[in-house]
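Being a predicted model, the structure only gives us computed values, none of them experimental. Side chains included, hydrogens not; waters and symmetry mates left out as well; all remaining heavy atoms used. All residue numbers refer to positions in the sequence shown, counting from 1.
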Amino acid sequence: MQLIQFTPAALAAIEHYKTTLQIPADHYLRVGIRQKNETNKRLLIAFDAKTDKDKLEEVQGEQIIYHPGEIFFFAGMQIDYVEEEGRKGFTFVEKK
């Protein structure tokens, strides 16, 4: 099973944010869960420092970190970056 996949728009946005936000060299792209409960599991993408509990992997040239116990919530998904109707941001899309 593939961990995740990025669209070209998502990869471009990640590089843009790394540069404009001056992300420290010891921070990686974190993929995970923001909220954990039975009815709503909100996924997140952010820059963060690696902890000893994180797993580090390279996906499409990007170093990502995640908690191994959360992988089943996002494995196989595609991360896209969209700009529409004055809103922009990353979205998680389930691959069919």
| request: Indicate the atoms forming the closest heavy-atom contact of V31 with Y66, along with that distance. | output: O-CB, 3.3 Å
| query | Just how far is it from atom CZ of F73 to atom CG of L44, taken to the nearest 0.5 Å? | reply | 12.5 Å
| request: Would you name the heavy atoms of A49 and H27 that are closest together and state the gap between them? | output: N-CD2, 3.5 Å
| task | Please round to the nearest 0.5 Å and tell me the distance separating atom CD1 of I64 and atom CG of D48. | result | 13.0 Å
| Shortest non-hydrogen contact between I79 and A10, atoms and distance | O-CB, 3.3 Å
| query | Which value, rounded to the nearest 0.5 Å, describes the distance between E62 atom CD and E57 atom CD? | reply | 14.0 Å
| request: Run through E15, Q22, H16 and flag the one making a side-chain hydrogen bond (donor to acceptor under 3.5 Å, both in side chains) with K18. | output: E15
| Residues clustering with I65 (ILVMFWY side chains joined when closer than 4.5 Å, directly or via others) | Y28, L56
| task | With rounding to the nearest 0.5 Å, note down the distance linking OH in Y17 to CZ in F47. | result | 9.5 Å
| Any I14 side-chain heavy atom under 4.5 Å of Y81 side chain | no
| query | Among all residues two or more places apart in sequence or in another chain, which pass the ring-ring contact (aromatic ring centres under 6.0 Å, His included) test with F6? | reply | none
| query | For R30 and H67, which heavy atoms make the closest approach, and how far apart are they? | reply | NH1-NE2, 3.6 Å
| query | Hey, what do you get for NZ (K50) to CG (D26), rounding to the nearest 0.5 Å? | reply | 11.5 Å
| request: Kindly work out whether a path of hydrophobic side-chain contacts (I/L/V/M/F/W/Y, heavy atoms less than 4.5 Å apart) joins L11 to M77. | output: yes
| task | Supply the atom-to-atom distance I45 CD1 to F74 CZ, rounded to the nearest 0.5 angstrom. | result | 10.5 Å
| message | Membership question, hydrophobic clusters at under 4.5 Å side-chain separation (ILVMFWY): are F90 and L43 in the same one? | response | yes
